[in-house]
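Below you'll find the structure, written out as C-alpha cells, and then a few comments.
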Amino acid sequence: MLAYLIRRLFAAAVMLVVIIMVVFGIFFLVPKWAGVDIATSFVGKQADPAAVEGVREKLGLGDPIYTQVWEFFKGIFAGRTYSGGGDTIHCSAPCFGYSFRSEQAVWPVLTDRFPVTLGLALGAAVLWLVFGVAAGVLSALKRGSMWDRSAMVIALGGVSLPIYFTGMLSLAIFAYGLKWIDAQYVPLEESVGGWFGGMILPWITLAFLYAAMYARITRATMLEILGEDYIRTARAKGLKEQTVIGKHAMRSTMTPILTMLGMDLGALIGGAILTESTFNLPGLGRAVLDAIRNQDLPIIVGVTLITSLAVLFANLVVDILYAVIDPRVRLS
C-alpha cells in the first residue's frame, strides 16, 4: 500500500508541474506566437502606453522564456515581486497572479469566493451520489419494471435539460411562486439557516443534472456486473441477496462512479458557472464571468490554475480510494 501511495504522489507531483507549464503556455506563449500583446491583455485595451509598458516590465515579458517560466513557478510556491513602471508590488505565496486593473493579488480574490463554490459542489455531490447511485442500483435490480422505465425517463430528462432552465424553473415555482424558500444567498458565518435556505435550490438543481448521469452509469455497470461469474458463484453458495449486492456487486460498481466523481467534483470546485449565475452565488464561477466582462485576465489565469489543481487533487483521492475498494489496484 505504501509503495502504491508513493507512486501516486510522485505521479501527482509530475502532473502538477505539467499543469503549471501548460497554463503558462496557454496564457503567455500562445498569445505571443499569435501576435497578441500580452501586456495589453493584462491591463486592458484602454490603458495608456505608459501603463502597458509598466505591466510589460512587471511581468518580465522581455526576459527569456525560461526566466518567465521560473518566475511563474516561483510565484506559486514562494511568492513573487513585480517591479517596473516606477513601482514595486510584492505578491505573497501562493501567488496566482496580480490584477493590474483592480490593484489586488488574485489569490485573496479566489479564497474569498472559494467557500461558496466548495459548499455548492460538496452539497450537490452528496445529493447526486445518494439519489443517483440508489436509483441506478434499483433500476438494475428491477430491470424492465415500471420503476426502471420511470427512473430512466427522469434521468434522460435530467441529462437533457440545461441547468439554467431547471434553475430558473425551480426559482419560479419554489421561491417566487410558492415562496417556500428564500433564494437569497446568505454567508454561512452570518446565518446557518439562511445559508442553507439559499443553497438548497442550487444543490437540488445541480444534483438533478449529475444524479441523472450517475443513475444511468450505475444501472449499466450494475447490469454488467450482475452477469459476472463471481456473482453467480456467490449466489450459488447461498449468500443472502443483500450480501451479494452490497459486498460483491457494489464494490465493482463503485469503480467507474469514483472515476466520474473525481472529474466532476474537481471541475465543479473550479466554479459552476451556470449554477452560480442562475442563483446569483458569489463563487468562482461568477468571478470568472466578472473577469471576462472586465477583461481581467489574471483572475481567469488564477481560476484556471485552481480548477486544474482541484481536478488533480480529486483524482489523487480517487486513486487512493481505488486501493481501498479493490486491493488488486495496489499492484498496478
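Between W128 and Y214, the two ring planes are tilted [angle within 30° to 60°].
Annotation: side chain of I257 is in contact with side chain of L129 (closest heavy-atom distance under 4.5 Å). Inter-residue side-chain proximity for W203 and V126 is flagged as unmet; no heavy-atom pair is nearer than 4.5 Å. The shortest side-chain heavy-atom distance between T205 and F279 falls under the 4.5 Å cut-off. Taking the side chain as every heavy atom from C-beta outward, T221 and T255 never approach each other to under 4.5 Å.
Crowding of F313 atom CZ: a count of heavy atoms from other residues, nucleotides or ligands under 6.0 Å not exceeding 12. Residue M168 qualifies as open at atom CE: its count of foreign heavy atoms under 6.0 Å is 12 or below. The number of heavy atoms from other shown groups lying within 6.0 Å of CZ (F196) does not exceed 12. Heavy-atom neighbours of M15 CE from other residues, nucleotides or ligands within 6.0 Å: at or below the threshold of 12.
Applying the side-chain contact (heavy atoms from CB on, under 4.5 Å) test to L274 and every residue at least two apart in sequence or in another chain returns I163, Y164. For E241, the salt bridge (Lys or Arg N to Asp or Glu O under 4.0 Å) partners two or more places apart in sequence, or in a different chain, are R235. Under the side chain to side chain donor-acceptor pair (under 3.5 Å) criterion, R56 pairs with D37, E53, sequence neighbours left out.
Counting only residues at least two apart or on different chains, the disulfide bond (SG atoms under 2.5 Å apart) pairs with a member in residues 89-190 are C91-C95. For residues 106-208, no residue pair satisfies the disulfide bond (SG atoms under 2.5 Å apart) rule, not counting sequence neighbours.
M146 belongs to no multi-residue hydrophobic cluster, having no ILVMFWY side-chain contact under 4.5 Å with any other such residue.
Ionic pairing of R7 and D319 is not present here: no N-O contact between side-chain nitrogen and carboxylate oxygen is shorter than 4.0 angstrom.
Side-chain contact annotation: T117 with E276, donor-acceptor N/O pair under 3.5 Å present. Side-chain polar atoms of D87 and Y82 form no donor-acceptor pair below 3.5 angstrom.
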